[in-house]
Visitor: 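Please find one structure pasted underneath; my questions will follow.
Chain letters run A, B, ... following the sequence lines, proteins first, then strands; residues in each count from 1.
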Amino acid sequence: MGEKSLQRILYAEDEPDIQTIARIALETVGNFTLEICSSGNEAIEKAPGFKPDLVLLDVMMPGMDGPTTMKKLREIGNITDTPVIFMTAKAQRREISQFKAMGALDVIPKPFDPMRLAENVRTIWEQHHASL
Amino acid sequence: MQASDNRVEEHLAVLRRNYIGNLPAKLAEFDQQHGLLQTATDMSVILANLRGLAHKLAGSAGTFGCPEVSSAARNYEWILREAALEPDCSVNIDIIHSGHQALKHAVAQTLLLNTNEQCRKQ
C-alpha cells in the first residue's frame, strides 16, 4: 500500500509574527503548500476547499480555540480523518496526553525552531503512517 | 542546498531584528492593561487579557530567538495564572508588578543586545 504523501498543510494561528515565520519554515524550508488561517473559524471555512493533508492548530486562539476547531473540523465530510497536530506553549506531558486523547496526532511545542519545524512535522507524519 | 539555507537564515535574521524592534510596542500593550489594574473593579478580565498577552509573547519571543523575553513572559504568565485563582480583594498587585517589571527588564536587555550587535556589524 502506498503511503499518502504530505504536501498540503493548513495552519491556524492568530499571531502575525508566528504566521510569518511559519510560512518560511513550512513553505520555503519545507516546500509544503501552505494555507494560513488567522482563526479557528477561518480554518473551518477554508479547509473543505483547500483539502489539507494535515492541519496544524494553535491551541490558544481568541474566539474558537484549537481543540474546539479540531472538533468542528471533524464534522466536515472531507476533513473528518485529516490528521491534526497542535502547536502550543502548553506542552507539559499531561497536556500532551490530553491533546492526544482528544484525537490529535501529536503536539509541537512553542517556541519552535523555524529551520526544524518542517522536519518535525514530517517525522510525526511518517511515524503516524508507519503505525497504520 | 547550502546557499538556499543561508538565504533563509538571512531572511530569518531580518525578521528577528524586526521582531525585536517591535518589542516596545508589544510592551506598551502590557503597560496599558497593567495600568488598568490599579483602578479596575473587575480584575479578572484584565488578568485574563494580560495572561493572553504573556502567553503569546512567550511563544513568539522564543521562536524569534529572544529567550530572556520568552522566559520573563512565561514567568509573568504563571504569576497571572496564580493571581486569577484568587478573589479580587486578595490579588497581590506587588507580585504582578514584579512580573511586569521583569518583563520590561528582559525587553530592555534584548533591545540593548540587538543594538550592540547592529553597531558591531557596521
Side-chain angles (χ1 to χ4, degrees), chain A residues 11-32 34 36-40 56-68 85-96 99 107-122, chain B residues 1-27 29-30 33 45 47-78 80-81 84 103 106-107 110:
Chain A
Y11 179 24
E13 165 63 63
D14 64 298
E15 174 78 20
D17 291 322
I18 299 291
Q19 288 179 0
T20 302
I21 210 161
R23 191 173 289 285
I24 294 170
L26 294 171
E27 276 186 346
T28 308
V29 178
N31 289 315
F32 294 118
L34 182 67
I36 292 185
C37 303
S38 299
S39 68
L56 292 177
L57 293 176
D58 183 29
V59 169
M60 274 186 75
M61 292 186 284
M64 192 184 300
D65 66 12
T68 307
I85 297 174
F86 284 123
M87 293 187 64
T88 181
K90 288 185 178 181
Q92 300 301 314
R93 193 171 296 169
R94 184 176 55 106
E95 279 113 359
I96 292 174
F99 290 132
V107 177
I108 292 176
K110 285 181 179 177
F112 60 83
D113 180 346
M115 297 302 290
R116 300 282 307 274
L117 180 62
E119 179 190 335
N120 290 342
V121 168
R122 272 206 183 87
Chain B
M1 184 65 75
Q2 184 71 28
S4 65
D5 277 358
N6 287 342
R7 277 197 295 274
V8 170
E9 300 221 11
E10 283 167 13
H11 190 180
L12 289 172
V14 169
L15 289 176
R16 179 176 181 270
R17 283 198 295 275
N18 291 343
Y19 179 84
I20 291 172
N22 284 330
L23 281 174
K26 290 185 189 299
L27 203 54
E29 292 181 272
F30 283 91
Q33 291 295 314
V45 172
L47 290 175
N49 290 343
L50 278 167
R51 191 176 159 197
L53 289 172
H55 181 83
K56 290 292 181 187
L57 185 62
S60 64
T63 301
F64 279 89
C66 304
E68 295 83 9
V69 175
S70 180
S71 177
R74 199 167 306 289
N75 185 57
Y76 192 24
E77 183 190 359
W78 184 86
L80 293 162
R81 187 181 64 194
L103 181 60
V107 167
T110 299

Visitor: Heavy atoms only: give me the nearest G52(B)-M60(A) pair and the separation to one decimal.
Guide: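 Here G52(B) and M60(A) meet closest at CA-CE, 4.5 Å.
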Visitor: What option among G65(B), S70(B), G59(B) has the most heavy-atom pairs under 4.5 Å with chain A?
Guide: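 The answer is G59(B).
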Visitor: Under 4.5 Å from any heavy atom of chain B, what part of Q19(A) do you find: side chain, backbone, both or neither?
Guide: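 Neither part.
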Visitor: Which heavy atom of P111(A) sits nearest a heavy atom of T63(B), and at what distance?
Guide: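 In terms of heavy atoms, the two residues are closest at CB-N, 3.0 Å.
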Visitor: Compare every heavy atom of A89(A) with every heavy atom of H55(B), then report the nearest pair and how far apart it is.
Guide: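 Taking H55(B) first and A89(A) second, the nearest heavy atoms are CE1-CB, 3.7 Å.
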Visitor: Give the member of D113(A), D14(A), I24(A), T20(A) that has the highest number of heavy-atom pairs under 4.5 Å with chain B.
Guide: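 Most heavy-atom pairs within the cutoff with chain B belong to I24(A).
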Visitor: For K110(A) and K56(B), indicate whether the former's side chain and the latter's backbone hold a donor-acceptor pair under 3.5 Å.
Guide: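 Judged by distance alone, no pair lies under 3.5 Å.
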Visitor: With respect to L12(B), which candidate in I21(A), T28(A), V29(A) satisfies the side chain to side chain contact (heavy atoms under 4.5 Å, CB included) definition?
Guide: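 The side chain to side chain contact (heavy atoms under 4.5 Å, CB included) with L12(B) is passed solely by I21(A) among I21(A), T28(A), V29(A).
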